[in-house]
Participant: 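So that we are looking at the same thing, I have put the structure below in structure tokens.
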Number of protein chains: 4
Amino acid sequence: MKDLRSPLTDVQNSPDDRNISIDRVGVRKIKYPIRVLDRASGVQHTIGDFTLTVNLPHHFKGTHMSRFLEALNEHKSEVSVDGLSSLLKSLKDRLSAESAHLEVRFPFFMTKKAPVTGKEGMMEYACGFVAESNGAEDFEILVEVPVTTLCPCSKEISEAGAHNQRGYVSVRVRTREFVWIEEIVELIESCASCDLYPVLKRPDEKYVTEKAYATPRFVEDMVREVALAFDRDGRFSTYEIEVENHESIHAHNAYAYLRRGF
Amino acid sequence: MKDLRSPLTDVQNSPDDRNISIDRVGVRKIKYPIRVLDRASGVQHTIGDFTLTVNLPHHFKGTHMSRFLEALNEHKSEVSVDGLSSLLKSLKDRLSAESAHLEVRFPFFMTKKAPVTGKEGMMEYACGFVAESNGAEDFEILVEVPVTTLCPCSKEISEAGAHNQRGYVSVRVRTREFVWIEEIVELIESCASCDLYPVLKRPDEKYVTEKAYATPRFVEDMVREVALAFDRDGRFSTYEIEVENHESIHAHNAYAYLRRGF
Amino acid sequence: MKDLRSPLTDVQNSPDDRNISIDRVGVRKIKYPIRVLDRASGVQHTIGDFTLTVNLPHHFKGTHMSRFLEALNEHKSEVSVDGLSSLLKSLKDRLSAESAHLEVRFPFFMTKKAPVTGKEGMMEYACGFVAESNGAEDFEILVEVPVTTLCPCSKEISEAGAHNQRGYVSVRVRTREFVWIEEIVELIESCASCDLYPVLKRPDEKYVTEKAYATPRFVEDMVREVALAFDRDGRFSTYEIEVENHESIHAHNAYAYLRRGF
Amino acid sequence: MKDLRSPLTDVQNSPDDRNISIDRVGVRKIKYPIRVLDRASGVQHTIGDFTLTVNLPHHFKGTHMSRFLEALNEHKSEVSVDGLSSLLKSLKDRLSAESAHLEVRFPFFMTKKAPVTGKEGMMEYACGFVAESNGAEDFEILVEVPVTTLCPCSKEISEAGAHNQRGYVSVRVRTREFVWIEEIVELIESCASCDLYPVLKRPDEKYVTEKAYATPRFVEDMVREVALAFDRDGRFSTYEIEVENHESIHAHNAYAYLRRGF
């Protein structure tokens, strides 16, 4: 039988002579029930997918993975700018680290009414936060919005109809002041050929078909329109905008990407 | 130190008294370069993702996983009805099994010309084979074809335009005689509002837009049209047809499923 | 301008002369916040991913997709045997269908204590329900449980250590009476080399390492042990059990599958 | 009927007054059969998944998506440093762009012999190239290698056994001179607790089990060992190293990330 020292050796805490510091070490793909702020009802229940890391100085062999889970378990109650700032502080304290970094992705739901009949349903948007504490604090918001895009070229050159498709607009922003996720969603939807709806009755379907036909948009138009809308709003200090069209006439996607403020 | 018997014990071969036979046991997610038959050039290089299993009688503790890889390594040269039949036989022999089952998925490429300008490119189709040897032999072909679908209702009720989108038609068929994958692809494409192309210049884009507008198809129409085409062809003994439209006006998908011959 | 009939034509309702009935038609990939029964706290908030379908008789051209969303919006409040039965009835009524079918997948969370220190965290399990109303009603529960499996052969033949890995046990069951999801999870975890934990401190890690080493399991053992446990329990009328080991010594997976009661 | 100008209007080429240049615009998710250099046999057939983009000056409304496909179709024959450089040049020429960027991901296969018996099979590695032409040229290689990692802490504190699992090492490197993908794979595999094999007979399984037990590695050890190996090799000018362990004792992953030379 192996000779076991008592108490159990802290292998992670043992010295390391390879002289290599590690930028980020921690845990990934942790699913946790969370609550996020919701303009309509104060807060909504959803599910977060977390990556939590800290830096590791060169003289330590390893980090203590269980402490990330303990910190998360303590600070999970509300995932907001303030809540995530506390979580980052807790990670730095528990792990004696100088920097901490986290990313959390979650589905976010909004009730949406059909444009003519007003029939209601829920729309899901893939959202997230990226937060870092490293001397200064940094906080980014991620929002993905599916939209309709109708091709300007196809409309222009064809006798009738125009190809259109589902496109995905993904943004990553820093803001100068508080911005609701709902505001970012609505800003993006206002730039599309048409926005999507959970429930559409015939009068609604007529409306969205005709609106899209009247409002053609390339992926190039989409990134530019969203950039203009961010600029007009004035609260966004940096932004990245990515649009990917699942082209209805091709098996591949059309793509555009733009960033400002870096 | 542990007392090690010599030669190494065959744990898998030891008796099992739980009296439970196992329907399928084997290996999954094995990627292998393969060659499949190609109507245009005889054979094409692609990459297979294999699941290989056999039955396990109740009196054995385990199967011998390494033998699946040895069999695959020996029979990988050509993945066809005959080649897969030999592989199944080899699995049964090496593993003393009564039945063997395999599934292989692979991307299949076809050169496709634009409908007006004739500009060429390659289209990829997600294909596969499912084969079983269990007394009799069974062989199924899987083909997925992305297409354009244009909504008949949207066209009918709107002053201009009609929502359309990329849809995916997936079929699983048994045949009475040899059928090329290419024939199944073409049969499915002929049922859509329009088929997809890798390269489309402006005259081509005008063509596909107008063709789709002239040929509206619900998911319900798609499964019915493909079923009719299979019936007319006469070589298909059983078929399952599944269509999933990535609706351009919704964040969710429209879906239809139909099976015959079972 | 197109001549538009008034009121808007119901294209879906128009007759179809192709004489082909469709097994299932409806909507897929609808994400919705739901609540499911929870043994510890009565109910838990989670997020469902729904497929909803009905049959379509041969004489109708199409189904009415928006009605699926309306039905879901009305019956989403509690996803349970009773709640889903009402949803199926609502689908049949609204769509004048003889059969309705649904599948919903959702992450399910359980609080779990470390085996020695008792430190708490949340574990996520991928679960689901499949329900059908077609004359009789049918209801199936899906549960996926990640576990540790340690290889009996590797342990037997090696001087020290034994390869082990994360494996995934997926079951699909029908029950004769009410069974908690939590009971199915615990039953499966009891069959593994060791179960997984969100938080493990050093004494816990020593415990799980030694427990797994003392309890080797092939994928073949796993499906058999779970089958025995289902049989002993007595409440399960049919079951399918699938185990997939993400082998630590291979890039591919080991796999076993067993079904009973069909 | 719409009044159609002749010839077909080039909408993309029309002026744009929003004054917003776009960083990258192009096409994504294009699957194409490709050939890559192979140390053992000169060249291997595989399948590329391409993203191709160029910059778009502020005064143009859109890019010409079909030209990306035409360029790819012409330069697909061999995907290497030289071949991709030509493709980038072709994209810039055809699209009158100042910069072009591409990313291609492909499975790469190597024959691998079992460590004791020498039994052969194929291993798949997820690889890729990122290339840019923007004044200067830039070229990066992406390689992902699955390995065995055995936990040093678990081994140290436990009487017998140690938890181990499949881990994934992903690197992204720039090199000062030509380096084979195979060399990067072997360098990474030499840093692990043990490397993975397609075929392992019992004497091989004994070998890999004992080797892993004798060579414990945290994710922190893995990124450091790979960094040391890159430094010793001397041909790598920049590198990013990411390791993600699919922990066998948790449902979440352990993670470490390190970059140098930026």
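Just so it is clear, the model here is predicted, and its values are computed rather than measured. Chain letters run A, B, ... following the sequence lines, proteins first and then strands; every chain starts at 1.
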Participant: Does A:Ser66 form a side-chain contact (heavy atoms from CB on, under 4.5 Å) with C:Val199? I'd like the steps, not just the answer.
Facilitator: CA-CA 5 Å; A:Ser66 63; C:Val199 187; 4.3 Å; yes

Participant: Side chain, backbone, both or neither: which part of A:Asp10 has a heavy atom under 4.5 Å from chain C?
Facilitator: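 Looking at A:Asp10, backbone and side chain both touch chain C.
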
Participant: What residues of residues 31-39 of chain A make heavy-atom contacts with chain C at a cutoff under 4.5 angstrom?
Facilitator: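 When heavy atoms of chain C are the reference, residues 31-39 of chain A contributes A:Lys31, A:Tyr32, A:Pro33 within the under-4.5 Å range.
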
Participant: Taking C:Met65, C:His64, C:Arg202, C:Gln44 one by one, which has the highest count of heavy-atom pairs under 4.5 Å against chain A?
Facilitator: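 Going by pairs under 4.5 Å, I would pick C:Arg202.
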
Participant: For chain C, find its close neighbours in residues 82-95 of chain A: heavy-atom separation under 4.5 Å, sorted by number, or none.
Facilitator: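 Answer by number: none.
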
Participant: Is the shortest heavy-atom distance from the side chain of C:Thr46 to the side chain of A:Ile47 under 4.5 Å?
Facilitator: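 They are in side-chain contact.
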
Participant: At under 4.5 Å between heavy atoms, what parts of residues 107-123 of chain A are in contact with chain C? List them by residue number.
Facilitator: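 Only A:Pro107, A:Phe109, A:Lys119, A:Glu120, A:Gly121, A:Met122 of residues 107-123 of chain A have a heavy atom under 4.5 Å from chain C.
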
Participant: Can you tell whether the side chains of A:Glu70 and C:Lys201 come within less than 4.0 Å, N to carboxylate O?
Facilitator: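 Salt bridge: yes.
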
Participant: C:Asp16: which residues meet the salt bridge (Lys or Arg N to Asp or Glu O under 4.0 Å) condition with it, sequence neighbours left out?
Facilitator: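 Testing C:Asp16 for salt bridge (Lys or Arg N to Asp or Glu O under 4.0 Å), a comparison that skips the adjacent residues, returns B:Arg224, C:Arg18.
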
